[in-house]
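Step one of this worksheet: look at the structure below.
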Number of protein chains: 2
Amino acid sequence: MGISRGMDHLTFRFELAQQLRVDSVRASNAAGSGHPTSSMSAADLMAALLDGHLRLDFDHPDDPRNDHLIFSKGHASPLLYSCLKAVGAIDDAELLSFRKFGSRLEGHPTPVLPWVDVATGSLGQGLPIGVGLALTAQRLDRLPYRVWVLLGDSEMAEGSIWEALEHAGHEQLDNLIALVDVNRLGQTGQTMHGWDLDSYAARAYAAGWRVLQIDGHDPEQIETALKDATAGDGRPVAVLAATKKGKGVGEVEDKQGFHGKALVHSDEAIRELGGIRDLRVDYAKPTGDETPHVFPVRGGGLPAFELGAEVATRKAYGEALRALGDRRGDVVALDGEVSNSTFSELFREAHPDRFFEMYIAEQQLIAAAIGMQVRSWVPFASTFAAFLTRAYDFIRMGAVSRANLRLMGSHAGVAIGEDGPSQMALEDLAAFRAVHGSTVLYPCDANQTVRLVEEMADLTGISYLRTSRGATPVIYPPGEDFPIGGSRVVRGGEDVTLVGAGVTLHQALGAAETLAREGIEARVIDLYSIKPVDVDTLRRAAAETGGVVTAEDHWPQGGLGETVLSALAGSGTPVRPLAVRTMPGSGTPAELLAQAGIDASAIATAARELLAA
Amino acid sequence: MGISRGMDHLTFRFELAQQLRVDSVRASNAAGSGHPTSSMSAADLMAALLDGHLRLDFDHPDDPRNDHLIFSKGHASPLLYSCLKAVGAIDDAELLSFRKFGSRLEGHPTPVLPWVDVATGSLGQGLPIGVGLALTAQRLDRLPYRVWVLLGDSEMAEGSIWEALEHAGHEQLDNLIALVDVNRLGQTGQTMHGWDLDSYAARAYAAGWRVLQIDGHDPEQIETALKDATAGDGRPVAVLAATKKGKGVGEVEDKQGFHGKALVHSDEAIRELGGIRDLRVDYAKPTGDETPHVFPVRGGGLPAFELGAEVATRKAYGEALRALGDRRGDVVALDGEVSNSTFSELFREAHPDRFFEMYIAEQQLIAAAIGMQVRSWVPFASTFAAFLTRAYDFIRMGAVSRANLRLMGSHAGVAIGEDGPSQMALEDLAAFRAVHGSTVLYPCDANQTVRLVEEMADLTGISYLRTSRGATPVIYPPGEDFPIGGSRVVRGGEDVTLVGAGVTLHQALGAAETLAREGIEARVIDLYSIKPVDVDTLRRAAAETGGVVTAEDHWPQGGLGETVLSALAGSGTPVRPLAVRTMPGSGTPAELLAQAGIDASAIATAARELLAA
């Protein structure tokens, strides 16, 4: 228990909760915006959690033994920051900098603060990320830390919450505790289930959770539940707390119309809450001298493929990842139940302890990877590139979390053939380029893939590797270097430049052969690094040749073509961007590449037209 | 019951199911790929459904009274196409064109076939779309048709399925029947729950569904369940059918390693299944002479805003949508529990019968809209632009579904201010531009917004309106035309061109004022239609002025800047693209626009530098 300062511990808890409410009101008032009422409902829960249950050394936030605390309801940031003040991590002046330009106390929490693992504020993300951290504790770090996630009831409607409930139950993550602040009111009205705790309980129980239902404003019930929650019987724990939004201030308590607003009568509210306090919590720290588990490594080289062999880049990914796992104990892999398509199964077979089957739940797939990198593991997550779009909000938020994520999307473009457009990623380059700080890679051969996978392990931010379903010829000898941000001039020529990547690089080479027979010498550039891009090589080619043809197995927007156009802005060299422009159906890869106008024949035609214009 | 041809009906059902299996094997074999084993598990269910339960006139697929059938497990397309043959909708020759170039029978179903409402193949989408259709039946069409959705068990792990379960239960959609083909085996191994029907039952029951558990290969149990399923007691119905993948062929039945592959020994398999049959089902047709409900309209004009007034474009959206609802009975609105932020609440208040609260479940939000447009309603779905990324896979698949969807995303960019990056859409233009056939609009004032909303109602494909949180001055008189694909030269000038849209249009105008005082005459273009874009006006400006500055409240990739660069490809005019390049935090809109380098001052500086270079 915390410092009681002469109070019994329940009185202390009450006073601390009131302080958290007052500080939430004050911070929001200083900002002129924020979510004080959403903070006030959970104040009793957080007061109790801070006072003896959360084992987190705020002076050493990187201690691997620390518990983790995630505010899935990120809009309750005033409460989080008030907690940080109560443990002495920030001072009152900083609290009142809430939402101001340059402050670490942003409108929703981000890891700009050392006590915040991940950014929240897009609802429904905290619990699946918590699943990732709880998996990390049990299967990677092998440490007894716990993961506490504070959720709102509105966000329980998100499918990602159900993915998390399912996975946590299936994986028996009894180190994961969800504190659900059931304050009944959403932004515009009552939630689907109001205060019907039984309805949440039935869902969580069905998913294999232990469920504790309490009055979220009763200190004794909270204390009993938090104690009980850490008993560890193989089931994750959901503490369902019936609370009142705006609790403690009559003007707003349990009333609609006060979501996301500073209180108008804040002075009266603070008086009603008993005024400003300056209690400090003597929080619990982790004990024990356990250290994170280290996986043994066996070393060995990276795979090498013979020139001319036909190998799918997705297969090379799997082989590279397996080999990387042989060499590095920090590399882990996750897959969305398609590991025999992405070839992450090669890693799974070699390193079963470090492979995570996330089933067909792509949001949970990415969230788990985000959770793992919080603890400095090096996750590679894979599924069909088309299905990574399912998790785009998690990827976007991953950038806000400053997460280091490596993602592999297989089966890119119309070149997959018969399966049809639902399985074809045709917007992934645009989507991933538009993720802040991202790296976007698109290899054309197996040896290039191996090198890029090796580099990805050391990249910061979100990196994405686009791979192909079908086999492509190996054109680079093993062991060559392919720096991020580089490109390769695969064939020299001064008449015209052909730019491709992945499958279209091979089509561009075919076009160059055809053109050479006609006396046209084409320079062919392998733009394997779409972002960052090799501006110098592109501008030089534009300056030295009569025009540039780009070809991409992707819609025309936001992909390779626009990357090149951006690099060549203002150059005056004519550019002919070839891309997929009509909705494909099924067919052979060759038929679909031809229909899309991105095969060797179409590239050669575009080059001739460009030179004739 | 169907044509019994001398057989009792259960024998007919058995024979029909075997025919569906044989035809699934034959179609996949002819294609050399496909998912025969995933088709075979559900053949008994589909044989029974076709034979008397599904009321769908295959000769008149547009009959509004028809039941709807959605294969959420789209990879079981061989089964769907075998069903179409069994009802006489396609012939055997077409069946064997499966997955071939130009065939309507694509690898996964798409609405290229008139009996297919929506594209499936990205798992977990059929049920939430079915929720949309069931809502349409009950609240819009007000017709007694039913919505049958065939699901696989692997896809039950998708959060979108849970969103659908929740909504259907909450909305008491007893016209929705989910047939879950629990064949135990996913692509790489056993599902999370295997044949544990009770575990699925507990989940569905908790969400308010009626649950029927059966042996999915027992014709009597199936018949009883399908009869029972249409009893209509206010609850949606889940028929949980324990089945065997590859049922009927010993070599593959209930065995791993045969997912998504044509059978190697197809002749033996067909023999084991009793050979080729040519049974025809005398399917049931809808009866009754009900016609779809028509909402009364009251007419009236569109809202008009005074020049110089300060109005947020999100507010103008709400007013325009309400007015559109006054004039058109087919317009409906959906929101993700932020209707007081998107101002769709104005529509809700005026037209509560046509407003749908989808809670914080963006995948279900978009899926419901897709379901509604199947029946030719005109849905507008709104939430924060940042949170539409949660549904990106549904939007992508909406394009494959040839869906006509109108989406509004509010709170775009750093200009939202204090709430911070989790709430700021900074990748939405890139994401939406890369949706096939999409229209992307970004108004800068209230009257322009009104006109664009009016036009969106008549657009085909997926249209997206990006709106701003803060108020911006009204610069256009009411009633002016803003054609899709157009732009506006807001200010003339021959020295330099400034291109903006939304908030940056106003910053560009401010920059032009500053520059004018320095003797630099800037042409300012309002690029309200980002896709399609007004290439001619941009190229003319590039030719007539000394350079182009673009400014966008978006990351540099795939948005307004690259749109302009694409339009100006090869022009030689220098372009300076301004965009958000560092991760923002909180602050005032003005502080964040300045920090990002996209405010009037930064635009003016860029213009000066461009002219000095």
Side-chain angles (χ1 to χ4, degrees), chain A residues 33 99 101 106-108 119 121-123 154-155 157-160 162-163 166 170 186-188 192 202-203 206 337-340 359-361 363 389-390 392-393 396 400 418-423 427 430-431 433-434 436 555 557-558 562 565-566 569-570 572-575 583 585-587 591, chain B residues 33 99 101 106-108 119 121-123 154-155 157-160 162-163 166 170 186-188 192 202-203 206 337-340 359-361 363 389-390 392-393 396 400 418-423 427 430-431 433-434 436 555 557-558 562 565-566 569-570 572-575 583 585-587 591:
Chain A
S33 65
R99 288 177 163 244
F101 186 68
E106 298 185 12
H108 295 75
S122 179
L123 289 170
S154 278
E155 67 180 310
E158 283 284 8
S160 54
W162 287 106
E163 293 182 16
E166 283 284 79
H170 183 67
Q187 173 171 330
T188 67
M192 221 184 254
R203 287 155 176 76
E337 224 283 278
V338 290
S339 59
N340 55 347
Y359 299 94
I360 304 182
Q363 297 183 82
T389 58
R390 200 63 158 262
Y392 192 44
D393 193 25
R396 171 186 82 87
V400 184
E418 291 78 1
D419 268 324
S422 64
Q423 320 291 300
E427 52 290 298
R433 283 183 68 233
H436 181 63
W555 301 124
Q557 295 81 19
E562 290 194 354
L565 287 169
S566 274
T573 304
V575 182
M583 182 58 73
S586 291
E591 286 166 340
Chain B
S33 65
R99 289 177 163 246
F101 187 68
E106 298 185 13
H108 294 75
S122 179
L123 289 170
S154 278
E155 68 181 310
E158 283 285 8
S160 55
W162 286 106
E163 293 183 15
E166 282 283 80
H170 183 66
Q187 172 172 331
T188 65
M192 221 183 255
R203 286 154 176 78
E337 225 281 280
V338 290
S339 58
N340 56 347
Y359 299 93
I360 303 182
Q363 297 183 85
T389 57
R390 199 63 157 263
Y392 193 43
D393 194 25
R396 171 186 83 87
V400 184
E418 290 78 2
D419 269 324
S422 64
Q423 320 291 302
E427 52 289 298
R433 283 183 68 235
H436 180 64
W555 301 125
Q557 295 82 18
E562 290 193 354
L565 288 169
S566 275
T573 303
V575 181
M583 182 60 73
S586 292
E591 285 167 340

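With chain A as partner, the option from B:Pro574, B:Gly585, B:Ser33, B:Ser122 having the largest number of non-hydrogen pairs under 4.5 angstrom is B:Ser122. Most heavy-atom pairs under 4.5 Å with chain A, from the set B:Ser422, B:Gly558, B:Ala361: that is B:Ser422. Options B:Leu123, B:Asp419, B:Val338 differ in how many heavy-atom pairs under 4.5 Å they form with chain A, and the most are formed by B:Asp419. Interface summary for chain B: among A:Gly587, A:Ser586, A:Gly107, A:Ala206, the most heavy-atom pairs under 4.5 angstrom belong to A:Ser586. Options A:Glu591, A:Arg396, A:Glu418 differ in how many heavy-atom pairs under 4.5 Å they form with chain B, and the most are formed by A:Arg396. Note on A:Glu106, A:Glu155, A:Met192: by heavy-atom pairs under 4.5 Å with chain B, the leading option is A:Met192. Comparing A:Glu427, A:Glu158, A:His170 by heavy-atom pairs within less than 4.5 Å of chain B, the highest count is held by A:Glu158. Among B:Ala430, B:Ser154, B:Ala157, B:Ala569, the residue making the largest number of heavy-atom pairs under 4.5 Å with chain A is B:Ala157. Contact count against chain B (heavy-atom pairs under 4.5 Å) is highest for A:Thr188 among A:Leu565, A:Thr573, A:Thr188, A:Val400.
Between B:Trp162 and A:Trp162, the angle of the ring planes stays under 30°, which puts this pair in the parallel group of the 30/60° scheme.
Atoms CD and CD, from B:Gln557 and A:Gln557 in turn, are 15.5 Å apart once rounded to the nearest 0.5 Å.
B:Ser566 approaches A:Glu562 most closely through the heavy-atom pair OG-OE2, 3.1 Å.
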TODO: In sequence, state the C-alpha distance, the side-chain angles, and the governing distance for A:Arg390 and B:Ser160, and then conclude on side chain to side chain contact (heavy atoms under 4.5 Å, CB included).
DONE: CA-CA 10 Å; A:Arg390 200 63 158 262; B:Ser160 55; 2.8 Å; yes
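Using a 4.5 Å cut-off between heavy atoms, B:Ala431 touches chain A through its side chain atoms alone. Contacts between B:Arg433 and chain A at a heavy-atom distance below 4.5 Å involve backbone atoms as well as side-chain atoms. Within the 4.5 angstrom heavy-atom criterion, only side-chain atoms of B:Gln363, from C-beta onward, approach chain A.
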